[in-house]
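Note sheet for the following structure.
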Amino acid sequence: MYCLRKILLPHWHAYVQRKTLEECKDPARVSIHDRNLKDIREAQQKEAQILAKEAERLAKAKRAEELRRKQVVREESHRKKHGVGKGLGGDGSDGDGDVDHVDIDEVRNRQQEKLKEKNAKQSTTQEQAAKKKESKPRSVPRTLAGTRAITNTTTTTATDDDSDDWDKVRNDKDDEFRESLAKDQAKEESKVLRLKRRQEALEKLDPEPTTKLEDTVLIAFKLPRKCKETRISRRFSKNSRINQLFYFLSSTGHLDKVREWRLISAVGAQQFPSDGEATLEELGLSPRGLVIVVDVDC
């Protein structure tokens with residue numbers, strides 16, 4: 001018996017496990033389970049809605065009770081203030097603690113009487129103020145002719161002053177316009193003159209030699225502070241004359257802001273003439289030289 005049980009028991013467990021798996025896979029059982037869950041959820045939602053409605057009803061009832069209590073307190077304070085419904089007791093009761101009903105018509109009549117008294121006081125004060133104004137002596141007004149004469153004189157003087165001011169402003173504007181026009185014309189003329197001089201200098205300037213030539217000279221120029229660049233350089237032939245330096249500086253445009261200038265040597269402060277016939281080699285500027293441009297106005 002024990003052996004038979006030991007042999008059949010594993011088969012029984014396998015059968016039960018297989019049966020349960022088949023039942024779980026059965027779509028009919030799954031759908032029934034889903035419907036049960038859906039019914040449970042709907043019931044829970046309905047119960048929650050019922051509880052919410054009940055809570056809302058209780059909140060409304062509580063608010064109504066609070067409003068009723070406030071109304072009772074307000075009526076009692078109004079009754080004590082106006083003395084309505086006073087009986088044997090001093091708090092609006094008949095002596096036995098029962099409060100009488102408030103007479104609304106009586107309260108309205110009392111309020112109307114108070115308003116009438118207030119309006120009567122205001123009317124009396126207004127009448128008194130009007131009588132005081134009438135009792136004050138009035139100032140004698142000016143005559144019509146005198147006022148017209150005064151107004152005519154004031155208007156004529158005002159118009160004369162306005163016309164004088166307007167003429168003065170117009171003359172000042174005209175003078176400013178003429179000055180600005182003259183300045184603009186002077187600027188244009190100076191610009192045209194500079195461009196003409198630059199073109200003439202370029203025509204007279206010899207081309208720059210290459211570095212391969214042996215007779216080249218490198219000249220450095222130190223310009224005034226008002227120029228954009230304070231140092232420039234260029235190559236010349238050692239047989240070039242001194243006027244080539246002036247032609248080069250006039251053609252660059254660096255000295256447009258300088259009205260009058262001259263050239264001096266860095267060593268010995270020798271002044272170079274613009275129409276000199278001496279060559280750069282004769283002046284000691286070979287193979288390198290430094291020339292200072294001096295602003296005569298500074």
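Computed over heavy atoms, backbone and side chain alike; hydrogens, waters and symmetry mates excluded.
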Charged N-O contact under 4.0 Å between Glu65 and Arg69: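 Judged by the 4.0 Å cut-off on N to carboxylate O distance, Glu65 and Arg69 do form a salt bridge.
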Linked hydrophobic residues, Leu223 as query - side chain contacts closer than 4.5 Å: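 Leu205, Val217, Ile219, Phe221, Ile232, Phe236, Ile242, Leu245, Phe246, Tyr247, Phe248, Leu249, Leu255, Val258, Trp261, Leu263, Phe272, Leu280, Leu283, Leu285, Val291, Val293, listed by chain and number.
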Hydrophobic cluster of Ile50, others only, ordered by chain and residue number, side-chain cut-off 4.5 Å: none
Side-chain donor or acceptor of Ser251 paired with backbone N/O of Ala201 under 3.5 Å: no
Of the non-hydrogen atoms in [X] and [Y], which two are nearest, and what is the gap between them?
X	Y	result
Ser240	Gln244	CB-CG, 4.1 Å
Thr279	Asn239	CG2-O, 3.4 Å
Gln271	Pro273	O-CD, 3.7 Å

Point-to-point distance, once rounded to the nearest 0.5 Å, from [atom1] of [X] to [atom2] of [Y]:
X	Y	atom1	atom2	answer
Thr230	His254	OG1	NE2	10.5 Å
Glu277	Glu282	CD	CD	10.5 Å
Ser237	Asp206	OG	CG	8.5 Å
Gln112	Arg110	CD	CZ	13.0 Å

Verdict with reasoning, Glu76 to Val72, per side-chain contact (heavy atoms from CB on, under 4.5 Å): CA-CA 6 Å; Glu76 288 179 357; Val72 171; 3.8 Å; yes
Among pairs that include at least one residue of [range], which meet salt bridge (charged side-chain N to carboxylate O under 4.0 Å, His left out), considering only residues two or more places apart or in two chains?
range	result
residues 231-240	none
residues 43-55	Glu54-Arg57
residues 119-130	none

Arg198 and Asp256: CA distance, side-chain angles, deciding distance, salt bridge (Lys or Arg N to Asp or Glu O under 4.0 Å) verdict: CA-CA 10 Å; Arg198 192 182 300 176; Asp256 289 342; 2.7 Å; yes
Would you mind reporting whether [Y] and [X] have side-chain heavy atoms less than 4.5 Å apart?
X	Y	answer
Leu193	Leu195	no
Gln44	Ile40	yes
Val296	Arg262	yes

Neighbour count above 12 (heavy atom, 6.0 Å) for [X] [atom1]:
X	atom1	result
Lys226	NZ	yes
Arg197	CZ	no
Arg225	CZ	no

Partners passing side-chain contact (heavy atoms from CB on, under 4.5 Å) against [X] (at least two apart in sequence or in another chain):
X	answer
Glu188	none
Arg178	Asp174, Asp175
Lys60	Glu56, Arg63

Test log, rule side-chain contact (heavy atoms from CB on, under 4.5 Å), inputs Thr216 and Leu218: CA-CA 7 Å; Thr216 58; Leu218 182 62; over 6 Å; no
Return the set of residues passing salt bridge (Lys or Arg N to Asp or Glu O under 4.0 Å) with [X] (not counting sequence neighbours), or none when no residue passes.
X	result
Asp297	Arg259
Arg74	none
Lys257	none
Arg288	none

